[in-house]
Amino acid sequence: MPRSFFSQAQDNDLVQTAERIRDAANTEITGLAPYGITAADVTALTQAIDAFTAMKTAPRKAAAGRKGLTQTMPERIRNTRDIFRNQIDKMMTAFKKPNPESADISPPE
């Protein structure tokens, strides 16, 4: 394959091509020894394929995660308001003045 194929290929095509090369190398690993290709090289190729696949899908996964979090925001805001109304406000009643209109505020002189 010409070098330009790899620079112009789509992500999925690159993965499929690399997997075909890996599979062929696994089948012919003993015949590749004179060319300096070892099982460790094939393992490294497998790891590179896996890393590339993970990087390829990372932006999509991040966007999906953000979308999921954004969709749960109204519920989380509602839950937080409920905590303030039903728990924190009730805890503060112990500090409420019995007659707030008769506060000890002296007029300025």
Distance, nearest 0.5 Å, that separates [atom1] of [X] from [atom2] of [Y]:
X     : Y     : atom1 : atom2 : answer
Leu14 : Ile49 : CG    : CD1   : 10.5 Å
Thr80 : Arg85 : OG1   : CZ    : 11.0 Å
Ile77 : Asp82 : CD1   : CG    : 12.0 Å
Arg22 : Thr27 : CZ    : OG1   : 10.5 Å
Thr30 : Glu28 : OG1   : CD    : 7.0 Å

Residue set satisfying side-chain hydrogen bond (donor to acceptor under 3.5 Å, both in side chains) with Asp41, at least two apart, ordered chain then number -> Thr38

Those residues at least two apart in sequence (or on a different chain) that pass side-chain hydrogen bond (donor to acceptor under 3.5 Å, both in side chains) with Arg66 are none

*asked:* When you group the ILVMFWY residues by side-chain heavy-atom contacts below 4.5 Å and let the links chain together, are Leu32 and Leu45 in the same group?
replied: no

inquiry  = Does Phe52 have more than 12 heavy atoms from other residues, nucleotides or ligands lying within 6.0 Å of its CZ?
reply    = yes

Handout entry: Residues, nucleotides or ligands: over 12 heavy atoms within 6.0 Å of Glu19 CD
Key = yes

Of all heavy-atom pairs linking Gly31 and Pro34, the shortest is O-CD, 3.3 Å

Test side-chain contact (heavy atoms from CB on, under 4.5 Å), reference Val42, set Ile21, Ile29, Asp23, output is Ile29

